[in-house]
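Below is one structure, written out as structure tokens; comments come after it.
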Amino acid sequence: MKYNFTEIEKKWQKYWEENETFRTPDFNELDKSKPKYYVLDMFPYPSGDGLHVGHPEGYTATDIIARFKRMKGFNVMHPMGWDAFGLQAEQYAIKTGIHPKIRTMECIDRFRQQLKSLGLSYDWKREVSTADEDYFKWTQWIFLKIFNSYYDESKDKAKIISELKIPEGLNEKEKFEFINSHRLAYLAEVPVNWCPELGTVLSNEEVPEQTEKGYTVVRRNMKQWNLRITKYAERLLNDLDELDWPRNIKEIQKNWIGKSEGAAVKFKLVNPENNNESEIEVFTTRPDTIFGATYIILAPEHKLVDELTVGMQKDAVDKYRKEAERKSDLERTELSKSKTGEYTGSYGIHPVTGEKIPVLISDYVLASYGTGAVMGVPGHDERDNEFARKFSLKIFPVVVPENISDSEIIKFIEDTKEGNVCFSGNGISIYSDFLNGLKTSESIDKIIDWLEKEKKGYRSVNYKLRDWLFSRQRFWGEPFPIIHFDDGTFTDVDESELPLTLPDVVSYKSSGTGESPLATIESWVNTTDKRTGRKARRETNTMPQWAGSCWYFLRYLDPGNRNVFCDKEIEKFWMPINLYIGGYEHAVLHLIYARFWYKVLFDLGYVNYKEPINKLFNQGMILGEDGVKMSKSRGNVINPDDVIKEFGADSMRLFEMFMGPLEATKPWSTKGIEGLNRFLNRVWRVIIDEYTGEPGKNITDEEPEENLNKLLHRTIKKVTEDIDDGDMKFNTAISYMMIFVNELYKTDRISKKIIGDFIILLSPFAPHIAEEIWQKLGNTESIQFAAWPEYDPELTKEDMATIIFQVNGKLRAKKDMNYDSDVKTLEDEALDNENVKKYILGKQIIKIITVKNKMVNIVVK
RNA sequence: GCCCGGGUGGCGGAACUGGUAGACGCGCAGGACUUAAAAUCCUGUUGCCUGCAAGGGCAGUAUCGGUUCGAUUCCGAUCCCGGGCACCA
């Protein structure tokens with residue numbers, strides 16, 4: 001009987017399903033004396049295209065780990081589910097009129113069937129879908145918890161809103177405003193990224209992805225829901241340290257959070273027409289350069305611009321602001337290769353020198369960062385420098401590089417003043433009164449102390465991270481459990497009313513007005529407040545796709561719970577996630593949002609840890625055979641269904657792991673997978689007699705033969721370490737198994753015991769064939785319940801070591817010698833070697849360097 | 001421009017803490033089996049030079065230089081590729 005992978009795979013997939021082989025027992029039935037291991041895949045968005053060969057790569061890796069850990073005696077959590085809300089199903093609905101729910105179900109069924117055909121050991125009883133009412137009920141519930149919380153800065157954690165201290169003497173309206181201004185979820189008129197083609201707003205994190213696809217994104221002020229993730233900036237940054245995550249992901253998150261430390265400095269501003277005074281704060285990371293501040297510059301959107309603009313400048317300023325407003329962020333950054341701006345006509349008072357300096361506006365200053373205003377230090381900031389030269393503003397040097405000679409200083413000062421040099425590094429302060437002669441770091445400390453003492457500024461930290469824009473103008477997403485009243489106030493819907501479901505409708509087209517399609521469905525929108533009976537309108541925006549994926553890993557742990565999203569005790573047992581594998585495209589989206597939600601839940605006492613994901617690993621991309629990214633237009637897409645049909649799931653799994661380290665980007669190769677299929681055939685044939693279909697005569701009950709047994713133990717060592725060391729380099733484990741099989745072909749009689757252990761090693765990689773052979777060897781239980789073999793360290797030692805003999809570092813001879821031979825023996829052998837003698841003949845031996853079991857190097861002159 | 005990765009045969013990739021560069025697989029070449037082919041099995045396979053042969057020599061891990069008895073591995077400079085950030089004050 002030949003190796004018939006199709007039949008074998010079908011047989012075992014059915015067996016696993018019927019016997020619930022991979023079921024993780026419910027918490028009360030779990031043997032809690034065993035250690036736990038939570039290994040998770042980033043769940044897929046079930047698109048209409050079905051599975052892509054990239055999916056099985058990460059899934060196979062986690063599956064190997066899950067199967068291995070089970071055999072090692074762990075309680076393993078290995079679930080799968082669906083990120084089921086999303087734009088694709090909605091656009092399909094617009095085209096076909098088919099409800100996104102129906103379409104999504106179809107796609108999920110297809111995905112599930114495809115995943116099952118790969119033999120992945122998920123506990124399907126724990127499957128979740130973010131678009132299920134039972135699931136998004138809890139997404140809405142968590143939103144309400146966020147909505148009903150504020151951030152207590154003194155305790156540095158979120159607290160329930162009822163604990164917020166409300167100032168005395170506020171009227172109802174003011175109280176409402178005060179509370180809302182502290183909620184972690186808040187509604188605000190903010191400049192948003194509007195994408196007209198998609199008919200929705202996008203979060204900052206989503207913009208690059210969509211602009212890459214060719215969509216335009218423009219700035220627009222809209223009233224939107226936001227989550228106050230910025231309150232967590234410091235914790236999101238600091239807690240990265242303790243995570244076992246890839247360096248670059250940490251780096252990306254760090255940059256995204258973008259912490260910078262410096263000072264806020266107050267400037268008095270005067271409008272010379274009416275002598276009205278106002279004050280602004282600027283943020284700077286280089287307060288030491290304050291003596292070089294020669295102008296003030298505001299973002300065009302800055303609140304004070306109108307007040308500061310003198311009559312003569314009014315038209316020019318208005319025109320400039322209109323232009324700036326029209327530009328998208330992209331244009332604003334791209335087109336401004338050359339700086340633009342306008343004078344307001346007002347002047348500022350330098351807080352240290354008291355000098356009058358001009359106030360201008362320019363779009364190189366961002367309204368959304370810091371205070372929307374900066375002090376221009378053209379001597380030591382490239383951007384200010386460029387701007388100052390364009391507007392002929394004064395340039396003044398206040399820092400010189402360290403280790404600069406006296407003669408160079410004169411030239412440096414001249415060059416700076418003329419704008420030929422702009423030194424933005426750290427150095428020594430000059431022309432700076434009480435800072436003169438101090439190093440940059442000392443100057444910074446000293447000037448901040450001075451500013452604080454004089455009440456003209458203070459130490460300050462800024463982050464690039466913005467609050468998370470949380471609403472979308474879409475149909476296919478979680479509705480907000482919020483209702484609005486005529487007077488402009490709003491309130492949450494009571495928890496008992498959850499889930500708040502989507503209506504059945506016939507048209508999914510967006511309203512065109514910047515509102516969600518839900519806004520047009522009167523029967524759904526109009527409602528009453530169950531608490532008071534007041535008439536109300538439902539919030540018509542829906543949550544972004546990221547909402548459901550922020551917490552799905554918690555629902556798997558306790559999927560049937562009707563009282564809470566996840567029992568806290570169960571959470572405590574299984575979390576944090578031991579290993580999480582997915583693509584690196586989620587670096588600042590899913591992975592930062594999920595950390596944020598988890599931290600809120602932690603603050604509110606619903607979960608037990610600071611961070612949800614202990615170890616993260618990113619699988620690399622699989623390219624087409626032509627070495628470029630797979631795409632329909634290139635026609636280089638490989639369909640996993642075809643691959644499984646032709647070579648089997650085991651070959652596919654094995655090949656994807658053999659291609660290279662998991663994180664590497666590597667091209668698909670049809671020839672390559674043939675090789676792995678050949679390997680499995682070799683495994684089959686060396687054990688199974690093709691005529692009888694049973695183990696061949698070469699498989700004996702004898703005790704293991706010594707040399708083969710030693711090789712087996714080395715193989716056990718290598719495979720075990722490769723699976724367990726966290727590097728995800730399964731390619732080398734597989735190559736060792738190949739070496740082992742090659743050796744089997746040179747052996748006439750093979751002990752059954754050896755074969756059994758080897759098949760266990762193979763089973764996490766190629767589970768179907770392993771089960772089949774395991775059964776043919778006379779075992780009655782699934783191989784999943786076999787114990788992982790232990791290796792004997794004594795047996796992994798070599799008896800012989802190949803010693804290399806070098807003369808002056810060049811290889812001249814080699815010889816197999818007893819393992820652990822002493823230095824003297826090695827050196828004598830080396831000096832006695834014919835070829836070595838040739839090279840040392842007539843020369844003087846200076847020294848001999850010997851490394852046990854490795855080499856002897858004779859240095860001659 | 002700045003910050004991370006990374007450059008090893010014809011290809012995917014191995015190489016422990018500095019100690020045999022190229023494991024394993026693909027491809028290719030040769031052989032066995034076969035009437036023949038496929039499949040399978042065996043052998044060889046970094047390049048150049050040399051030898052009838054066993055063998056031997058030289059060069060070689062992007063480039064140049066350094067440290068070292070010895071460098072794919074450590075250090076410096078340069079080039080190229082991939083990713084991230086990009087008026088963030």
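Every chain is numbered from 1, with letters handed out A, B, ... down the list of sequences.
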Exercise. Judged by atom type as modelled, is there a donor-acceptor pair below 3.5 Å linking the side chain of A/Tyr232 to the main-chain atoms of A/Leu237?
Worked result: no
Exercise. Looking at the side chain of A/Asn255, which of B/rG84, B/rC41, B/rC24 is the nearest nucleotide?
Worked result: B/rG84
Exercise. Any side-chain N or O of A/Arg812 under 4.0 Å from OP1/OP2 of B/rC69?
Worked result: no
For this session: For A/Gly675, answer base if it contacts any base atom (sugar-phosphate contacts may also be present), sugar-phosphate if it contacts only those atoms, and nothing otherwise; contact means non-hydrogen atoms under 4.0 Å.
Result: sugar-phosphate
Exercise. Could a donor-acceptor pair under 3.5 angstrom be found where the side chain of A/Glu382 meets the base of B/rG1?
Worked result: no
For this session: Please determine, by modelled atom types, if A/Tyr736 and A/Asp722 share a side-chain donor-acceptor pair under 3.5 angstrom.
Result: no
Exercise. Within the pair A/Tyr584 and B/rG83, is there a side-chain N or O less than 4.0 Å away from OP1 or OP2?
Worked result: no
For this session: Find the distance A/Leu240:CG to B/rC3:P and express it as a whole number of Å.
Result: 20 Å
Exercise. Hey, is the side chain of A/Asn731 poking within less than 4.0 Å of OP1 or OP2 on B/rA14, counting only N and O atoms?
Worked result: yes
For this session: Mind checking A/Ile739 for me? I need base, sugar-phosphate or nothing, with any heavy atom below 4.0 Å counting as a touch.
Result: sugar-phosphate
Seminar exercise, completed: Taken to the nearest whole Å, CG/A/Asp626 to P/B/rG12 is 14 Å
Seminar exercise, completed: Among B/rU20, B/rG56, B/rA15, the one nearest any side-chain atom of A/Ile804 is B/rU20
Exercise. Rounded to whole angstroms, how far apart are CZ on A/Arg678 and C1' on B/rC41?
Worked result: 12 Å
Exercise. Nearest of B/rG19, B/rC4, B/rG13 to any side-chain atom of A/Ile849?
Worked result: B/rG19
For this session: Could you walk me through whether A/Phe387 and A/Tyr364 pass ring pair (Phe, Tyr, Trp, His ring centres under 6.0 Å), step by step?
Result: CA-CA 9 Å; A/Phe387 186 78; A/Tyr364 86 86; 5.3 Å; yes
Exercise. Just how far, in rounded Å, is P of B/rG12 from CE of A/Met657?
Worked result: 18 Å
For this session: Provide the distance between the two P atoms, one in B/rA53 and one in B/rG60, to the nearest whole Å.
Result: 27 Å
Exercise. So what does A/Lys854 hit on the nucleic acid, given a heavy-atom distance under 4.0 Å: a base, only sugar-phosphate, or nothing?
Worked result: base
Problem set entry | Distance below 4.0 Å between A/Ser260 side-chain N/O and B/rA89 OP1 or OP2 | yes
Seminar exercise, completed: Annotated structure of RNA chain B as dot-bracket, pair cut-off 3.5 Å, Watson-Crick or G-U only, | for inter-strand, is (((((((..(((......[....)))((((((.......))))))(((((....)))))..(((((..]....))))))))))))....
Exercise. Are side-chain N/O atoms of A/Asn698 and A/Asp748 paired as donor and acceptor at under 3.5 Å?
Worked result: no
Seminar exercise, completed: From CG of A/Leu676 across to C1' of B/rG13 the rounded distance in Å is 13 Å
For this session: State which of B/rG12, B/rA14, B/rG57 makes the closest approach to the side chain of A/Asn835.
Result: B/rG57
Exercise. Is there a side-chain contact between A/Leu589 and A/Glu206 (heavy atoms, below 4.5 Å)?
Worked result: yes
Exercise. When we call it a touch if two heavy atoms are under 4.0 Å apart, what does A/Thr284 touch: a base, just sugar-phosphate, or nothing?
Worked result: sugar-phosphate
Exercise. Which part of the nucleic acid, if any, lies within contact of A/Glu251, taking any heavy atom under 4.0 Å across all strands shown: a base, the sugar-phosphate backbone alone, or nothing?
Worked result: sugar-phosphate
Exercise. Is any side-chain N or O of A/Arg682 closer than 4.0 Å to OP1 or OP2 of B/rC41?
Worked result: yes
Exercise. Looking at the side chain of A/Met855, which of B/rA15, B/rG27, B/rG19 is the nearest nucleotide?
Worked result: B/rG19
Problem set entry | B/rC79 to B/rU63 separation - C1' atoms, rounded to the nearest Å | 7 Å
For this session: For A/Asn462, report the nucleic acid contact type (base, sugar-phosphate, nothing); a contact means any heavy atom under 4.0 Å.
Result: nothing
Exercise. Rounded to whole angstrom units, what separation is found between the CZ atom of A/Arg714 and the P atom of B/rA23?
Worked result: 18 Å
Exercise. What's the spacing between A/Leu623 CG and A/Met630 CE if we round to 0.5 Å?
Worked result: 7.5 Å
Exercise. With a non-hydrogen cut-off below 4.0 angstrom, is A/Tyr839 in contact with a base, only sugar-phosphate, or nothing?
Worked result: sugar-phosphate
Exercise. Looking at the side chain of A/Lys464, which of B/rG5, B/rC26, B/rC85 is the nearest nucleotide?
Worked result: B/rC85
Problem set entry | Between P of B/rG19 and CG of A/Asn857, the distance in whole Å | 14 Å
Problem set entry | Atom pair distance, as rounded to whole Å: CE in A/Met738 and P in B/rA14 | 14 Å
Problem set entry | Minimum-distance nucleotide to A/Phe658 side chain [options: B/rA15, B/rC85, B/rC24] | B/rC24
Exercise. To the side chain of A/Lys814, which of B/rC41, B/rU20, B/rG57 is closest?
Worked result: B/rU20
Problem set entry | Exam field: side chain A/Asn193 to backbone A/Leu202, donor-acceptor pair closer than 3.5 Å | yes
Exercise. Does A/His302 use its side chain to pair, donor to acceptor, with the backbone of A/Ala373 at less than 3.5 Å?
Worked result: no
Exercise. What is the nucleic acid contact for A/Asn681, judged by heavy atoms within less than 4.0 Å: base, sugar-phosphate only, or nothing?
Worked result: nothing
Problem set entry | A/Lys729 side chain, from C-beta outward: closest of B/rA15, B/rG13, B/rC4 | B/rA15
For this session: Examine distances only and state if a side-chain atom of A/Arg595 and a backbone atom of A/Leu236 form a donor-acceptor pair shorter than 3.5 Å.
Result: yes
For this session: Determine the contact category for A/Val859: base if any of its heavy atoms lies under 4.0 Å from a base atom, sugar-phosphate if only primed atoms, P, OP1 or OP2 are that close, otherwise nothing.
Result: sugar-phosphate
For this session: State whether A/Lys810 places a side-chain N or O below 4.0 Å from either non-bridging phosphate oxygen (OP1 or OP2) of B/rA59.
Result: yes
Exercise. Judged by modelled atom types alone, do A/Tyr791 and A/Thr720 share a side-chain donor-acceptor pair under 3.5 Å?
Worked result: no
Exercise. Looking across every strand, which nucleic acid part, if any, lies under 4.0 Å from A/Arg466 by heavy atom: base, sugar-phosphate, or nothing?
Worked result: base
Exercise. A/Ser368 near the nucleic acid: base, sugar-phosphate alone, or nothing, with a heavy-atom cut-off under 4.0 Å?
Worked result: nothing
Exercise. Among the nucleotides B/rA21, B/rA89, B/rC24, which one has an atom lying closest to any side-chain atom of A/Phe283?
Worked result: B/rA89
For this session: Check for a donor-acceptor pair, side chain of A/Asp650 on one end and backbone N or O of A/Ile769 on the other, with a separation under 3.5 Å.
Result: yes
